[in-house]
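Letters go in sequence order (proteins before strands), and every chain restarts at 1. Since this is a predicted model, take the numbers as computed values, not measurements.
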2 protein chains.
Amino acid sequence: MPEDTFLSLQPALLGFFINAPRYAYDLSREFEHDLGRVWRLGRSLMYAQLKELAEQGYLAMDVVTQPNRPARKIYYLTDAGRIRFAQWLNQPTMHIRNIRVEFLVRLYFFRTLNLPGLQELVTKQKAVLGEMEDALEKNAGDIQDDYWRLVVDFRLGQIRAVQQWLELCLQTV
Amino acid sequence: MPEDTFLSLQPALLGFFINAPRYAYDLSREFEHDLGRVWRLGRSLMYAQLKELAEQGYLAMDVVTQPNRPARKIYYLTDAGRIRFAQWLNQPTMHIRNIRVEFLVRLYFFRTLNLPGLQELVTKQKAVLGEMEDALEKNAGDIQDDYWRLVVDFRLGQIRAVQQWLELCLQTV
DNA sequence: TATAACTATTCATATTGTGAATAATTATAT
DNA sequence: ATATAATTATTCACAATATGAATAGTTATA
């Protein structure tokens with residue numbers, strides 16, 4: 001499947017554990033409220049993702065039993081998880097089609113966790129977009145095919161729109 | 001998954017059968033060459049898609065045996081298929097994230113099959129984009145949340161870039 | 001007081017995508 | 001001349017991803 005829809009977003013979930021341990025049910029609600037319009041992730045998926053992140057060693061888990069209620073599986077961040085999150089957060093998105101979700105999710109964490117480094121990330125992201133532009137323009141130079149020319153123009157349009165938005169993004173700090 | 005990645009593109013394949021019957025292996029090569037950079041569809045998927053389109057009654061099939069070669073399953077368009085394709089082709093894309101693939105594929109067929117109606121489609125598509133814009137701007141008016149404001153601005157940027165590109169698209173007829 | 005919604009998780013299933021296997025044939029390389 | 005690779009044409013098992021129902025007690029709403 002979409003080689004990068006998921007794999008590249010999974011570490012983002014670690015960000016929700018920076019301040020406190022969480023369990024999936026609870027997190028799923030907050031997630032839906034805060035990011036549901038940006039990144040669609042059903043409740044069942046959340047359970048599966050936390051389980052995987054734990055298998056990878058980024059989260060650890062305690063089972064907390066409660067009277068008259070199902071037991072909670074409380075996950076908390078490991079040191080490896082903290083490092084992984086920071087690494088994910090500060091990495092620019094390499095594929096234009098993922099910016100829509102990935103960058104917006106990164107931005108969410110920069111703002112809600114009040115983290116430094118947004119400016120640097122924006123700079124890196126602009127550089128990556130610039131390279132995409134160059135690559136497209138280069139291979140578009142020697143194009144006879146009108147159709148391919150239009151495809152390239154479409155993509156350039158999207159890229160440039162993102163570049164402009166990134167500026168706006170810095171101003172709204 | 002993405003409720004509309006696939007379902008909304010499947011009928012597009014019918015367009016390859018407008019001029020002549022085809023079999024999957026052969027079609028897959030042409031597809032890869034013409035649209036591979038716009039719509040990624042592996043060979044195995046092509047087989048599966050043609051089979052489904054046949055089950056839906058949009059394609060019919062003949063098995064043609066050949067000496068010393070695997071038999072070919074040749075598919076051809078039914079009347080229902082012809083109608084379905086025309087309907088798909090002239091319908092604007094309703095979800096912004098699908099325009100990137102859907103509209104570009106429609107454009108491909110308008111051009112390669114030399115079909116009329118591109119202008120009308122562009123008009124419809126612009127109307128749909130205009131509605132998206134209105135909906136976003138409306139619910140953005142009463143926004144306190146700076147983050148959501150940025151999300152909305154990102155989307156507006158994408159939409160406006162597509163609108164500009166659509167103009168270009170008409171000029172390149 | 002019946003009906004619905006909430007808490008918390010799991011699981012079976014649906015959907016979608018990938019890569020290998022097949023087996024004969026022709027092209028390329030040493 | 002001969003081994004190696006690529007081509008033809010399709011199928012299939014499997015991986016990865018997403019959805020909805022099932023569970024079972026509890027509290028809220030009608």
Side-chain angles (χ1 to χ4, degrees), chain A residues 1-13 16 21-33 35-36 38-56 59 61-76 95 97-98 101-102, chain B residues 1-13 16 21-33 35-36 38-56 59 61-76 95 97-98 101-102:
Chain A
M1 224 245 119
E3 101 251 22
D4 29 31
T5 14
F6 219 105
L7 290 171
S8 49
L9 270 167
Q10 198 180 42
L13 294 175
F16 287 104
R22 312 290 297 261
Y23 54 104
Y25 186 83
D26 158 54
L27 173 53
S28 188
R29 197 212 319 276
E30 183 180 331
F31 182 91
E32 196 61 32
H33 177 263
L35 284 176
V38 169
W39 177 12
R40 190 126 301 271
L41 183 74
R43 209 196 287 289
S44 320
L45 250 313
M46 180 66 81
Y47 279 91
Q49 292 313 310
L50 298 192
K51 197 180 166 192
E52 271 185 43
L53 285 165
E55 276 159 18
Q56 289 161 23
L59 294 177
M61 188 201 63
D62 279 341
V63 177
V64 178
T65 56
Q66 332 170 72
N68 301 331
R69 285 255 169 267
R72 280 178 186 165
K73 292 193 171 177
I74 300 208
Y75 291 93
Y76 55 91
H95 300 283
R97 67 182 162 289
N98 294 342
V101 179
E102 265 183 47
Chain B
M1 225 243 121
E3 101 250 26
D4 29 29
T5 15
F6 219 105
L7 290 170
S8 49
L9 270 166
Q10 199 179 40
L13 294 174
F16 287 104
R22 311 290 297 263
Y23 54 104
Y25 187 83
D26 158 53
L27 173 54
S28 188
R29 197 212 318 276
E30 183 180 331
F31 182 90
E32 196 60 34
H33 177 263
L35 284 177
V38 170
W39 177 13
R40 191 126 301 271
L41 183 73
R43 209 196 287 290
S44 322
L45 248 313
M46 179 67 81
Y47 278 91
Q49 291 313 308
L50 298 191
K51 197 180 166 191
E52 272 185 42
L53 285 165
E55 277 160 17
Q56 290 161 22
L59 293 177
M61 187 201 64
D62 279 340
V63 177
V64 179
T65 56
Q66 335 169 67
N68 300 331
R69 283 257 169 266
R72 280 179 186 163
K73 292 193 171 177
I74 300 208
Y75 290 93
Y76 53 91
H95 300 284
R97 68 181 163 289
N98 294 341
V101 178
E102 264 183 47

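Computed from coordinates, the B/Leu45 CG to D/dC14 P distance equals 18 Å when rounded to whole Å. Following rounding to the nearest Å, A/Gln49 (CD) and D/dT19 (P) show an atom-to-atom distance of 12 Å. Here the C1' atom of nucleotide C/dT15 and the CZ atom of A/Arg40 are 18 Å apart, to the nearest Å. As rounded to whole Å, 12 Å separates atom C1' of D/dT19 from atom CG of A/Leu41. Rounded to an integer number of Å, the gap from CE of A/Met46 to P of D/dT17 is 16 Å. Remark: P of C/dG17 and CD of B/Glu52 are 11 Å apart, rounded to the nearest angstrom.
The CG atom of B/Leu59 sits 12.5 Å away from atom CZ of B/Phe16, with the distance rounded to the nearest 0.5 Å.
Distance alone, capped at 3.5 Å, is enough to place a donor-acceptor pair between the A/Arg40 side chain and the A/Gly36 backbone. In this structure, the side chain of B/Gln66 engages the main chain of B/Pro70 through a donor-acceptor pair within 3.5 Å.
Taking each heavy atom of A/Asp62 and A/Tyr76 in turn, the nearest pair found is OD2-CE2, 3.7 Å.
The salt bridge (Lys or Arg N to Asp or Glu O under 4.0 Å) test applied to A/Asp26 returns A/Arg22, not counting sequence neighbours. Listed by chain and residue number, A/Val63, A/Thr65 satisfy the side-chain contact (heavy atoms from CB on, under 4.5 Å) test with A/Ala71 (two or more places apart in sequence, or in another chain).
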Checklist entry - Just by protein heavy atoms under 4.0 Å, how would nucleotides 6-13 of chain D read 5' to 3' in B, S and -? => result -SBBBBB-
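Contact annotation: A/Asn68 reaches the phosphate of D/dT26 (side-chain N/O to OP1 or OP2, under 4.0 Å).
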